[in-house]
Structure formats: structure tokens, C-alpha cells
Amino acid sequence: GLLDMFKLQSGTMVVRPEAADAARLVRESVDLLQPLAASQGTDLFVSPEGLELPATVDPALLDRVVSNVVSNAVKFTPQGRVVVLVDGDDQCVHVTVRDTGVGVAPEDVARIFEPFEQASTGFARTHEGTGLGLAIVRRVLDLVGGHVSIESEVGVGTTVRVAFPRAWSAADVSPEDGPAVSRPALEGAHVLSVGLDERAEDALDRWISRHGTVCAVSALGRGLREARKTVYDVVLMAGSDGPAERRQTRAVRAVAGY
């Protein structure tokens, strides 16, 4: 997990796509987790069983995604049920993992995709682990142009939805080119810009408007209010080394979800 996270953060993770049945790969990853589920009385199954989804994916990276999401669901669902639903369309493969486990509190959902973060910490910690699983999932999906979302209710269960393209592109690392840079995944992104001048705002709007939306504000205080009101995918702030800008950056980072 540490090695994967280092490669993903440094841009040196290599994608090696090959023709495969994505649904079969998902089933194989889940099958390897059956002993873990059985050891704690958790029912684990995939539906539908016979689906075929021809795709061009990296089997090892796909296994990282499925194994981390499903093992996490099993770990937090003792004596319960975990269902893995596989589906697809012309462009994407969808994997939905639903469990009847302990669930995640709303204030913890935003941070569990960050490295070394867990819903329970310190002496109140109820489950062991590095806190890297879902962080790796998110970064692998960013790398290949996919996405992940989570819905949860304490005491009821959690649903994690994963989607990734049926055709992954290779991200090869060569000594001449330096580290591979992941392809930006901006589809549907919500971007907040704070304090940018008119020229920069116009350029940003041209770049992002084809993929998502931009909310531009000039005042630092209003930028903080916007960040509190809506969790944006990206916040861009005018570059400055002034104390007000540093305080504003710290204030935005302190808001849940950033």
C-alpha cells in the first residue's frame, strides 16, 4: 500500500492495459476475499454472475481498486452482507459495493479518501488498518479517468460506487520524459477561483467550461464562505505571500472536505 501510494503521488505509477473481461476480473478479485468474509460470518457475493464486459484495462490496478473497496466493506460488516453489483455501458464499467455494516458518519465521509485517514482513530479506534485503501482507490481512478463516490448511514450501511472507462490508456514512464503525469479527470468538476484577475478568470473559464463549472469570487472572505457552502473539487487562489492570503489558505484547508 505504501509503495502504491508513493507511485501514485509521485506520478510514477505505470498503467499496462490489456484486453480482458472486466466483469470476470471483478469476480476473481471478490472470490479471493471470500475466506475473509467467511471468517467473520459475512455473506459476500457478486451480481449478476455471468455478465461479460470486454474492456482494455490494467488487471493489476483494477484488482487494487476492487480489493480495497470490497475488503473495506467486509471488514466493517461483521455478521452482515456485502453485495457487489457489476454493470456497464458503451463507455464505462460500473461497480457498486453495498454493505449492511456499521456505516460512516457524515463528518467522516469527506476525509476517508485521504491517506492514513480512518473513521475511527486513537483509543476509540475499532478496526485496524493503514487508512490507505480508499486513498489508493481514488488515485488509481483519477489516473485512468474514473471516479468513486460514497454514501453511508451510521448503523445502516455504506454504498461505494466506482466507475472507470472501458478503454484505459497506457501511462508509461521513460527516463527521457521523466515521471508520467496522470491525465486530468475534470468531467463534471466544480472549481472555485478566489482573487484571480480578469485575464486569469477568462482563461480558466475557457479551459474548464467544457468539462465543468467555475465559480469566481474576488474577495478572500467570500471565497471562504463559498468553500464552506459547497465542497468544490478544486480551489484556485491568487498567488501571494501576504499574511492575509496565507490565513485564507489555512482557513479553506480547515473546512471539512478540503
So does [Y] get a backbone contact from the side chain of [X], meaning a donor-acceptor N/O pair under 3.5 Å?
{"X": "S152", "Y": "G157", "result": "yes"}
{"X": "N68", "Y": "R64", "result": "yes"}
{"X": "R166", "Y": "D90", "result": "no"}
{"X": "Q40", "Y": "V74", "result": "yes"}

Just wondering, do [Y] and [X] contact through their side chains at under 4.5 Å, heavy atoms?
{"X": "V83", "Y": "F45", "answer": "yes"}
{"X": "L224", "Y": "V252", "answer": "yes"}
{"X": "R16", "Y": "D58", "answer": "yes"}
{"X": "L51", "Y": "V46", "answer": "no"}
{"X": "E151", "Y": "R161", "answer": "yes"}
{"X": "L134", "Y": "V69", "answer": "yes"}
{"X": "W168", "Y": "T56", "answer": "no"}
{"X": "R250", "Y": "R253", "answer": "no"}

Decide yes or no on side chain to side chain contact (heavy atoms under 4.5 Å, CB included) for M237 and T249, but give the supporting numbers first. CA-CA 8 Å; M237 301 181 67; T249 301; 3.8 Å; yes
Please find the pair of heavy atoms, one from [X] and one from [Y], that lie closest to each other, and give the distance.
{"X": "T42", "Y": "P78", "result": "OG1-CA, 3.8 Å"}
{"X": "S193", "Y": "V214", "result": "OG-CG1, 4.3 Å"}
{"X": "P17", "Y": "S169", "result": "CG-C, 4.1 Å"}
{"X": "S71", "Y": "L33", "result": "N-CD1, 3.7 Å"}
{"X": "F164", "Y": "V162", "result": "CD2-CG1, 4.0 Å"}

I'd like to know whether L44 forms a side chain to side chain contact (heavy atoms under 4.5 Å, CB included) with V84, so could you lay out the CA-CA distance, the side-chain angles of the two residues, the decisive distance to 0.1 Å, and finally the verdict. CA-CA 8 Å; L44 171 63; V84 182; 4.2 Å; yes
Scan [options] and name whichever one has a side-chain contact (heavy atoms from CB on, under 4.5 Å) with [X].
{"X": "V191", "options": "V234, T213, D233", "value": "V234"}
{"X": "V137", "options": "V66, V65, D142, V160", "value": "V65"}
{"X": "T158", "options": "D99, N72, V97", "value": "D99"}

If Ile, Leu, Val, Met, Phe, Trp and Tyr residues are connected whenever their side-chain heavy atoms lie under 4.5 Å apart, and connections chain through other members, are [X] and [Y] in the same group?
{"X": "V26", "Y": "L32", "answer": "no"}
{"X": "V104", "Y": "V156", "answer": "no"}
{"X": "V82", "Y": "L85", "answer": "no"}

Rounded distance (nearest 0.5 Å) linking atom [atom1] of [X] with atom [atom2] of [Y]:
{"X": "R222", "Y": "L192", "atom1": "CZ", "atom2": "CG", "value": "9.0 Å"}
{"X": "L143", "Y": "L61", "atom1": "CG", "atom2": "CG", "value": "7.0 Å"}
{"X": "L62", "Y": "S67", "atom1": "CG", "atom2": "OG", "value": "8.5 Å"}
{"X": "R138", "Y": "I150", "atom1": "CZ", "atom2": "CD1", "value": "11.0 Å"}
{"X": "F76", "Y": "T100", "atom1": "CZ", "atom2": "OG1", "value": "14.0 Å"}
{"X": "R98", "Y": "S47", "atom1": "CZ", "atom2": "OG", "value": "10.0 Å"}

For the pair L36 and K75, evaluate side chain to side chain contact (heavy atoms under 4.5 Å, CB included) and give the outcome as yes or no after the intermediate values. CA-CA 8 Å; L36 173 64; K75 180 168 66 173; 5.8 Å; no
Selection residues 19-35 - residue pairs positive for side-chain hydrogen bond (donor to acceptor under 3.5 Å, both in side chains), sequence neighbours left out: R24-E28, S29-D63
Please determine whether side chain to side chain contact (heavy atoms under 4.5 Å, CB included) holds for the pair L141 and H147, giving the CA-CA distance in whole Å, both sets of side-chain angles, and the decisive distance to 0.1 Å. CA-CA 5 Å; L141 291 170; H147 59 86; 5.7 Å; no
